[in-house]
Amino acid sequence: MQPMHFEQALKNIIERDQRFSPDAYLFLKQALDHTVEEHTKTDPDMSQHVTAKELLLGFKELALKEFGPMASTLFSEWGLSQCSDIGDMVFNLIEEGMFGKQDSDKRSDFVELYAFHDAFVAPYLPKSISNKA
């Protein structure tokens with residue numbers, strides 16, 4: 001993926017769909033790269049394609065690692081509030097030719113694997129509060 005192509009793809013996407021910040025797309029690309037890298041560590045012969053579930057889990061893992069308790073705030077600023085938002089971004093990037101797609105891939109694969117609150121807020125709440133939530 002050439003940077004200029006990705007930048008142009010983002011510009012095209014933002015012109016037609018302003019729901020998500022360009023930063024959200026840049027982080028999604030980092031999360032995809034992270035997920036592929038982690039999977040090829042365990043299976044070097046694996047293809048570059050990852051499932052929606054694998055991408056969502058990689059997205060969560062990288063977000064917690066990179067942003068910690070600020071992940072929820074950043075995602076809110078970027079327009080992200082649920083897993084299906086990530087799926088919408090993925091399919092916007094597929095439409096621009098930046099991400100690949102298999103025939104079996106669909107938006108509904110990005111159903112709510114986890115709630116953003118449970119993934120990005122609850123781990124940082126005091127134990128007494130998180131046990132009540």
Side-chain angles (χ1 to χ4, degrees):
M1 242 182 266
Q2 297 175 354
M4 287 306 286
H5 280 130
F6 196 80
E7 288 176 16
Q8 185 60 49
L10 282 183
K11 184 177 178 185
N12 295 344
I13 290 167
I14 300 303
E15 284 178 6
R16 70 174 187 273
D17 183 352
Q18 291 96 33
R19 289 178 295 162
F20 313 114
S21 164
D23 290 331
Y25 287 97
L26 293 170
F27 182 73
L28 175 58
K29 175 152 180 356
Q30 290 175 344
L32 175 63
D33 293 344
H34 167 78
T35 304
V36 168
E37 183 179 311
E38 289 300 309
H39 281 76
T40 54
K41 284 180 184 176
T42 57
D43 183 3
D45 298 325
M46 182 190 128
S47 75
Q48 294 282 321
H49 185 268
V50 296
T51 66
K53 181 178 180 179
E54 291 167 335
L55 178 56
L56 288 170
L57 291 173
F59 184 94
K60 176 182 163 185
E61 179 182 290
L62 186 62
L64 293 171
K65 179 181 171 186
E66 294 291 318
F67 307 131
M70 290 302 298
S72 177
T73 301
L74 282 172
F75 294 157
S76 179
E77 288 181 14
W78 292 350
L80 301 174
S81 63
Q82 56 193 1
C83 292
S84 61
D85 292 339
I86 298 168
D88 289 345
M89 290 192 315
V90 165
F91 276 83
N92 283 343
L93 287 164
I94 288 169
E95 290 170 16
E96 286 294 321
M98 292 292 100
F99 282 8
K101 177 185 177 297
Q102 293 184 348
D103 291 339
S104 60
D105 294 335
K106 51 196 177 301
R107 283 182 195 262
S108 61
D109 294 339
F110 289 87
V111 293
E112 304 316 309
L113 180 64
Y114 50 82
F116 269 40
H117 180 273
D118 295 343
F120 304 117
V121 176
Y124 302 101
L125 293 174
K127 298 285 185 232
S128 60
I129 294 174
S130 62
N131 287 339
K132 293 177 186 176

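Both backbone and side-chain heavy atoms feed into the values below; hydrogens, waters and symmetry mates do not.
Between Phe75 and Phe67, the ring planes lie perpendicular to each other; the angle is over 60°, past the 30° to 60° tilted range. Between Phe59 and Phe120, the ring planes are perpendicular. Angles over 60° get that label, and only those under 30° would be called parallel.
Tracing side-chain contacts under 4.5 Å through hydrophobic residues (I, L, V, M, F, W, Y), one never reaches Val111 starting from Leu28; they form parts of separate clusters. Under the 4.5 Å side-chain heavy-atom criterion for grouping Ile, Leu, Val, Met, Phe, Trp and Tyr, Trp78 is not connected to Met70 through any hydrophobic cluster. One hydrophobic cluster, built from ILVMFWY side chains closer than 4.5 Å, holds both Ile13 and Leu26.
Here the side chain of Asp109 pairs no donor or acceptor atom with the backbone of Asp105 at under 3.5 angstrom. A distance-only check finds a donor-acceptor pair linking the side chain of Thr35 to the backbone of Ala31 [under 3.5 Å]. Checking side-chain atoms of His34 against main-chain N and O of Gln30 turns up no donor-acceptor pair under 3.5 Å. A donor-acceptor contact shorter than 3.5 Å is absent between the side chain of Gln82 and the backbone of Phe116.
The distance from atom CG of Leu93 to atom OH of Tyr25, rounded to the nearest 0.5 Å, is 6.5 Å. A distance of 11.5 Å separates CG of Leu10 from CD of Glu15, quoted to the nearest 0.5 Å. Summarising the geometry, atom CD belonging to Glu66 is positioned 11.0 Å from atom CG belonging to Leu74; distances are rounded to the nearest 0.5 Å. Distance CZ/Arg16 to NZ/Lys11: 14.0 Å, rounded to 0.5 Å.
Closest approach of Pro123 and Ala119 over heavy atoms only: CG-O, 3.4 Å. Ala24 and Leu80 get closest at one heavy-atom pair: CB-CD1, 4.0 Å. Contact detail for Tyr114 and Lys60: the closest heavy-atom pair is OH-CB, 3.5 Å. The minimum heavy-atom distance between Ala63 and Ala71, with the atom names listed, is O-CB, 4.2 Å. Across every non-hydrogen atom of Cys83 and Leu56, the tightest pair is CB-CD2, 3.9 Å. Leu55 and Leu32 make their closest contact through CD1-CA, 3.7 Å (heavy atoms, listed as atom of the first residue, atom of the second, distance).
Residues Phe110 and Asp88 form no side-chain contact, since every pair of their non-hydrogen atoms from C-beta on lies 4.5 Å or further apart. Taking 4.5 Å as the limit, every side-chain heavy atom of Met98 sits out of range of all side-chain heavy atoms of Lys29. You'll find the side chain of Leu64 reaches within 4.5 Å of the side chain of Tyr124, heavy atoms only.
Checking Glu96 against Asn92 by side-chain atom types alone, no donor-acceptor pair falls below 3.5 Å.
Within 6.0 Å of NZ in Lys101 there are more than 12 heavy atoms belonging to other residues, nucleotides or ligands.
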